[in-house]
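Have a look at the structure below before the remarks.
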There are 2 protein chains.
Amino acid sequence: MKAISRKEEIITTAARLFNEKGYKAVSMRDIATAMDIKAASLYNHINGKQEILSEIILKVAEEFTKGMTNVVAENSSAIKKVEKVIELHIDITVNHSDALAALNNDWMHLEETDLKAFVKMREDYEENFRRIIKQGIEAGEIKPYHPEVILFSILSTLRTLYLWYQKRGKLDVNILKKDMVSVLIKGIV
Amino acid sequence: MKAISRKEEIITTAARLFNEKGYKAVSMRDIATAMDIKAASLYNHINGKQEILSEIILKVAEEFTKGMTNVVAENSSAIKKVEKVIELHIDITVNHSDALAALNNDWMHLEETDLKAFVKMREDYEENFRRIIKQGIEAGEIKPYHPEVILFSILSTLRTLYLWYQKRGKLDVNILKKDMVSVLIKGIV
DNA sequence: AATTCTAACTAACAAGCGTTAGTTTTGTTA
DNA sequence: TAACAAAACTAACGCTTGTTAGTTAGAATT
């Protein structure tokens, strides 16, 4: 029953444009033109440009945080947890690829409060991931490479997945998961 | 004997600022202030903001192209070539990490001619890398995963290496190379 | 039928943008 | 020391930016 509100429409449109040119290169007039209205009309639905950016970024950042919380709470092997993290990234990438562009490239344009919240979430996320990898090494499940190198290698692949997903037409999610898990995991076990 | 020219100084300063906030978020006045001069004075040395961006990006893009050409010309195994590509990325990352931020995030703000040149170089680069991986699979040196997944996985790690390198204080290049080659290669052989 | 709400509009603002023209200072060479 | 070139300066330009104020048309509610 819940129809998409005009506000959500603005945010979706803005995310698409931010993905193409970046937050600073997209004007309120650009967003309005893409919706066939005038820039001033946007302000009937949103409080400003900043609000659009923070809604785009924080919403998806919270999804990552929630997903990671679930993974950490699981009672399973480290490898299984890494697999779950990979699947988490793929699911979010498939559903919010535009938002991920903003999260990756425009987070520094968030203002004070939102910026702090975002940076905190990202640090916590990385720390949780790092701990999973370390536990895997201690348990002998993961090869004893430098944990930071493993973390970085996997995370940078997952973080830029949205670029790849946008380039090759939307492909089957389950196949993507299987291949991704293979390439990223097989190397470290 | 060749002292760094004022023009090079501008480009280096601009690259640093572009790395922090992105091309569109940095004004000519920002660049000038960082050099303790006035914005108009910049135009004694450069033709405009666009020129700064294209010098930053194209110079390092050409370095990649040249490096890849050397690797392709080598008479060695596919795995050895992949290793050489990894080392190429690390060397460039260590010496031009600010420029890599612009190359990754601001390339779309290049104007017509430079944009075309850049996109062409990047496509060729990827195609050369893809071919190396395919040859490796045919020769039985590399596991028969989908080549595109291997390419993407390695390349996205190498492309965001500059972020990692900037975060952890400048670390020993040779150790970095060894660890990186281990993690990225061991998984696919 | 009168009222209220929603969402568009026009017009304008102050600030910041890249850039240009013309001038002055600084440092080197003849 | 006079002449010249390099590199800074001041002042201003036309344009774009995010945003505000006030208004209007149509739909929903009373």
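Lettering of chains follows the sequences in order, A, B, ..., and the numbering in each one begins at 1. Values in this document were obtained by computation on a predicted structure and should not be read as measured data.
- In this structure the side chain of A:Ile185 never reaches within 4.5 angstrom of the side chain of A:Met180, judged on heavy atoms.
- Using a cutoff of 4.0 Å between basic side-chain nitrogens and carboxylate oxygens, A:Glu112 and A:Lys116 are scored as salt-bridged.
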Base contacts versus sugar-phosphate-only contacts with protein, heavy atoms under 4.0 Å: please encode nucleotides 7-19 of chain C as B, S and - from 5' to 3'.
BBBBBB----BBB
Hey, mind stepping through B:Asp179 and B:Ser182 against side-chain hydrogen bond (donor to acceptor under 3.5 Å, both in side chains) and telling me if it holds?
CA-CA 5 Å; B:Asp179 284 13; B:Ser182 289; 5.5 Å; no
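- In this structure, B:Tyr125 has its ring center closer than 6.0 angstrom to the ring center of B:His89.
- The interatomic distance linking A:Glu111 (CD) with D:dG18 (P) rounds to 14 Å, in whole Å.
- In summary, B:Lys66 and B:Glu63 do not engage in a salt bridge, as defined by a charged side-chain N under 4.0 Å from a carboxylate O.
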